Amino acid sequence: MQIIKHIIPLRDSVEALRNGAAGRSAETVALIPTMGALHEGHLTLVREARKRVDHVVVSIFVNPTQFGPNEDLDAYPRQLEQDSATLEREGVAILWAPDVTEVYPEGFATNISVSGVSENYCGAARPGHFDGVATVVCKLFNQVRPDYAFFGEKDWQQLAVIRRMARDLDLTLPHADHIHGVPTVREEDGLALSSRNRYLSPENRQRAIALPRAIRRTADRIERGEDVSASLSELKRALLEAGFSSIDYASLADATTLEPLDTRPDRPARLLVAARIGTTRLIDNMPVAGSHDKPAP
Ligand code: PAF
């Protein structure tokens, strides 16, 4: 695995991968953007990508522009050596690990803001966050120029923002249709894997199981045709009773536009929740089947 820190050698190396071994050409390349502190969720992305493409590039870049003034950028876990050994074992071809000055050179003045899909949910709770994500992901796409990109579905809103951005900007490497979401990887008890889980005390780790359970139960209720607003109120009540201190949002939304839905969906929908337990903010989401999924009579 090559570890690359500058754009020119990155471009040369990706080009060499694309040209392939002697006699082959146009080999495919996938990018998995990460901020490091890798866990099984990231490795699942790598394994999925390796099934579908010839070469996998993983980026590790703790992107300062997606952290708010009250969010501790310095406290974000950094473990490049350990992550790079893990990626090497997983058969990754290139680890792209630029410094901040490589990504945001002096005078950097461009911002990509995706309206609509960015605005509610985590976008409302973390102003500017998705501008930072969209801008850095667009840059990572332009730096690596991958045929495909893979993201975890756990950050459903992030995935929706990135797909919208790729479509709106007519990106071709990767094309919006080649931006794949990979289902959330969960602990055995259902908690979604996240680098934030390490901040949970043992008691709160135990209580946190209430989050995926409440989402599953609520999705089932909505799928059975129960009232959406009553089901969401019951979800919030269950989380507070389980020991969560506050709920940032709990909403049923169109899976693509993220427009809130207040009745049983007739199109692909997602139940999205963010809630705080102790000092940790957890997010999770699940699909909700609707009337469109009913087998034809
Ligand atoms: O999901 C993440 O780790 C980050 O938001 C991403 C996509 C790597 C952009 O910095």
Side-chain angles (χ1 to χ4, degrees), residues 10 30-46 48-49 56-68 71-80 82-84 86-87 92 94-104 108 110-114 117-118 121-123 125-144 146 148-166 169 171 174 176 178-185 192-199 258 272 274 280-285:
L10 172 76
L31 172 66
I32 301 171
T34 81
M35 298 207 298
L38 302 178
H39 52 62
E40 256 327 281
H42 297 107
L43 304 188
T44 303
L45 299 181
V46 172
E48 269 312 302
V56 175
V57 177
V58 172
S59 62
I60 294 185
F61 178 65
V62 181
N63 175 35
T65 66
Q66 68 188 76
F67 287 77
E71 298 172 352
D72 200 350
L73 168 66
D74 294 333
Y76 198 87
R78 288 162 173 87
Q79 46 177 61
L80 191 61
Q82 190 183 323
D83 287 346
S84 110
T86 307
L87 295 174
V92 166
I94 296 177
L95 166 55
W96 168 225
D99 284 340
V100 174
T101 50
E102 190 76 6
V103 177
Y104 299 114
F108 186 86
T110 299
N111 182 50
I112 297 178
S113 189
V114 184
V117 73
S118 284
Y121 320 112
C122 286
R126 305 177 69 189
H129 170 70
F130 286 120
D131 287 14
V133 170
T135 305
V136 81
V137 169
C138 189
K139 283 182 65 80
L140 292 166
F141 284 173
N142 285 333
Q143 290 159 355
V144 177
Y148 298 88
F150 290 75
F151 293 87
E153 286 186 354
K154 177 170 163 289
D155 295 301
W156 187 267
Q157 188 174 15
Q158 167 169 283
L159 181 57
V161 168
I162 291 166
R163 283 185 170 139
R164 184 75 260 164
M165 180 267 295
L169 298 182
L171 298 192
H178 291 173
I179 296 175
H180 293 296
V182 175
T184 303
V185 181
L193 294 195
S194 162
S195 27
R196 293 183 177 200
N197 293 353
R198 69 180 73 191
Y199 302 124
L258 300 195
L272 307 162
T280 309
R281 181 175 181 273
L282 297 179
I283 61 170
D284 201 350
N285 70 86

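Each ligand, and each atom within it, is numbered from 1 in the order the structure gives. Quick caveat: nothing in here was measured; it's all calculated off a predicted structure.
Taking every non-hydrogen atom of Q66 and a distance limit under 4.0 Å, the qualifying atoms of ligand 1 come out as 4 (C), 5 (O), 9 (C), 10 (O). Residue contact check: V136 has heavy atoms under 4.0 Å from atoms 9 (C), 10 (O) of ligand 1. Interface atoms of ligand 1 facing M35, defined by a heavy-atom separation under 4.0 Å, are 3 (O), 4 (C), 8 (C), 10 (O). Near P33, the atoms of ligand 1 lying under 4.0 angstrom from a non-hydrogen atom of the residue are 8 (C). Residue contact check: T34 has heavy atoms under 4.0 Å from atoms 8 (C) of ligand 1.
Taking Y148 as the reference, H178, H180 meet the ring pair (Phe, Tyr, Trp, His ring centres under 6.0 Å) condition, with sequence neighbours excluded. Residues satisfying the side chain to side chain contact (heavy atoms under 4.5 Å, CB included) criterion with R126, sequence neighbours excluded, are E71, H129, R196, R281.
Between the side chain of N285 and the backbone N or O of K154, at least one donor-acceptor pair lies under 3.5 Å. Side chain of R198 to backbone of S195: a donor-acceptor contact under 3.5 angstrom is found.
Checking each of T135, T65, D99, T110 against Y104 for a side-chain hydrogen bond (donor to acceptor under 3.5 Å, both in side chains) leaves exactly one that passes, namely T65.
When non-hydrogen atoms are compared, ligand 1 lies under 4.0 Å from neither the backbone nor the side chain of L140.
Taking any N or O of Q158, backbone or side chain, at least one lies under 3.5 Å from an N or O belonging to ligand 1.
N63 and Y76 share no side-chain donor-acceptor pair at under 3.5 Å.
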